[in-house]
2 protein chains.
Amino acid sequence: MALSKDELRLLGENCSEGIFRKGEVILSEGSLTSHIIYLQSGLVKEYIKSGDQPECIVQIIQNRAYLGLPSLFGDRINHYSYAALTDVAVCFIDVAVFKQFILDNGRFAFEILSTVSRDSLTNYHRFISQGQKKTYGKLADTLLYFSKAIFRSNRFRLPLNQNEISYLIGTSRESVSKQLNSFIRDGIISLRRREITINEPEKLEQISRLG
Amino acid sequence: MALSKDELRLLGENCSEGIFRKGEVILSEGSLTSHIIYLQSGLVKEYIKSGDQPECIVQIIQNRAYLGLPSLFGDRINHYSYAALTDVAVCFIDVAVFKQFILDNGRFAFEILSTVSRDSLTNYHRFISQGQKKTYGKLADTLLYFSKAIFRSNRFRLPLNQNEISYLIGTSRESVSKQLNSFIRDGIISLRRREITINEPEKLEQISRLG
DNA sequence: CATTGATTGTGAAATATTTCACAAAGGTAA
DNA sequence: TTACCTTTGTGAAATATTTCACAATCAATG
């Protein structure tokens, strides 16, 4: 951490905690940023839902991450909405204090810059890779992402329903259903309710690679 | 600009200029970053070309922008390659000097953070919007992007060939050709060699919106 | 200006995906 | 448990896209 004790105390004084239940909206797109939100625990989806257009999920955000930094430094208007996928604990930090820290403390600025940069690289990579792939490739990507980056296990509970998965990978709900069942028929995964087991991660990797 | 005169002088002393001809590769993915590259004039494509996979273009970069900031702050390895689409003038800045500026000068750090953030928002938006659209919607997006963001005119020379356009929007070269010709048949654009005129920008906007 | 390699146009067949229309579970709360 | 709303499964027809195979055109260079 790049902050001194005094700075941490100052940050603590300008910070309040919040709890959100599964399904609740934490922040809505279009609003002006008054607080930075730091996700202490839980899973959140970042998404757009404009008018009658179908929802579009940008990414799933985990533990120990800020929500919407690019919006804060980009143009100060929230570009995305955030909703809790599980029960969630967050911390609201005053924007003015946060910005002052960046201006005053180069190492803190550097750290935030690194965070935003890493997120950019990860997301660009995901978007690009998805842009080239067929539905099975994208779905394989998504399952591997959950398994490796989020749950670190071959067995977990899907954090999204099929509709949401389709919003994430840009396809139709029916295609998700059909493709999942085709993975099941091939023995690559098992699925009961939302509990999924990846039986053959290598095969899934291969499908992801071949697109 | 957030730098003092002394800082600008220091930056100038640690900076060397370079010229690249149309088609030349400026920087290759995978290398460790030794210099920051600032694009003074010209157009550059940011892309990935790994093994026998088809090339994949991330974005077109214009004038007055840094190349690959997220790579620098993300993990210090270049994630993308950069090639000149026109003759190009760049400026190489020593990484150590640049990083020291970030650490020493909060306002400079804030500016760089804003740049990376704005780029993220723009690119996320583009990727998301493309993920949901059919080929005609993506192609309309691309033409409008050239027309509005880059050339600021309804008449310009296409900076990419059809192969490259297909790498940018994640479709096949043939689909690009067919779709362009369908726009021509509908009178929405005119095209002679690479010189394009957008006759009906409103119609193109509508196609972009409807996907 | 002729040759050569790169780029573009195009039809037809093969694939992939969406859309629609229901049926079948699941999950929740009285 | 029932009633009700959400989620999932699935076939068939309609669309969209890719792939392949060439032909045509362009553009650069000796």
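Values reported hereafter were calculated over all heavy atoms of this structure, with side chains retained and with hydrogens, waters and symmetry mates removed. Since this is a predicted model, take the numbers as computed values, not measurements.
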Between A:Y136 and A:F183, does the ring centre distance come in under 6.0 Å? no
Which whole-number value in Å describes the distance from A:R192 CZ to C:dA25 P? 13 Å
Criterion side-chain hydrogen bond (donor to acceptor under 3.5 Å, both in side chains) on B:S71 and B:N78, from CA distance to verdict: CA-CA 5 Å; B:S71 291; B:N78 284 308; 4.6 Å; no
Using ring centroids (six-membered ring only for Trp), state whether B:F98 and B:F92 fall under 6.0 Å. no
Find the distance B:L158:CG to D:dA27:C1' and express it as a whole number of Å. 16 Å
Taking DNA chain D as the partner, which of residues 131-141 of chain B come within under 4.0 angstrom of it by heavy atom? B:K134, B:T135, B:Y136
Give the B/S/- string for nucleotides 6-11 of chain D, one per nucleotide from 5' to 3', where a protein heavy atom under 4.0 Å of the base yields B, of only the sugar-phosphate yields S, and otherwise -. -SBBBB
Rounded to whole Å, how long is the line connecting atom NZ of B:K22 with atom C1' of C:dA6? 13 Å
Take the protein atom CZ of B:R157 and the nucleotide atom P of C:dT7, then report the distance between them rounded to whole Å. 12 Å
Less than 4.5 Å apart, any side-chain heavy atom of B:I189 and any of B:L180? yes
Let me test you: for the helix from C:dC1-D:dG30 to C:dA30-D:dT1, what is the angle between the axes at its two ends (five pairs each), rounded to 10 degrees? 50°
Out of curiosity, A:I128 CD1 to A:K133 NZ, how far, rounded to the nearest 0.5 Å? 11.0 Å
Can you tell me if A:D141 and A:S129 form a side-chain donor-acceptor pair at under 3.5 Å? yes
Do the ring planes of A:F101 and A:F108 sit parallel (below 30°), tilted (30 to 60°) or perpendicular (above 60°)? perpendicular
Report the relative orientation of the aromatic rings in B:Y124 and A:Y80; use parallel for angles under 30°, tilted for 30 to 60°, perpendicular for over 60°. tilted
In whole Å, I'd like the distance from the CD1 atom of B:I189 to the P atom of C:dT8. 13 Å
Calculate the interatomic distance between B:L210 atom CG and D:dT15 atom P; express it in whole Å. 17 Å
Within this structure, what is the OH-to-P distance between B:Y167 and C:dA6, rounded to whole angstrom? 12 Å
In terms of the nearest nucleotide of DNA chain C, which residue is placed more toward the 5' end: A:R193 or A:G170? A:G170
Under 3.5 Å, which donor-acceptor pairs do the side chains of residues 16-29 of chain B form with other protein atoms, sequence neighbours left out?
| from | atom 1 | to | atom 2 | distance (Å) |
| --- | --- | --- | --- | --- |
| B:E24 | OE1 | B:R21 | N | 2.7 |
| B:E29 | OE2 | B:K49 | N | 3.1 |
| B:E29 | OE2 | B:S81 | OG | 2.8 |

Return a table of donor-acceptor pairs under 3.5 angstrom between the side chains of residues 32-40 of chain B and protein atoms on other chains or two or more places apart.
| from | atom 1 | to | atom 2 | distance (Å) |
| --- | --- | --- | --- | --- |
| B:T33 | OG1 | B:R76 | O | 3.2 |

Taking only residues two or more places apart in sequence, or in another chain, which ones meet B:N163 in a side-chain hydrogen bond (donor to acceptor under 3.5 Å, both in side chains)? none
Interatomic distance, B:I165 CD1 vs C:dT7 P [rounded to whole Å]: 12 Å
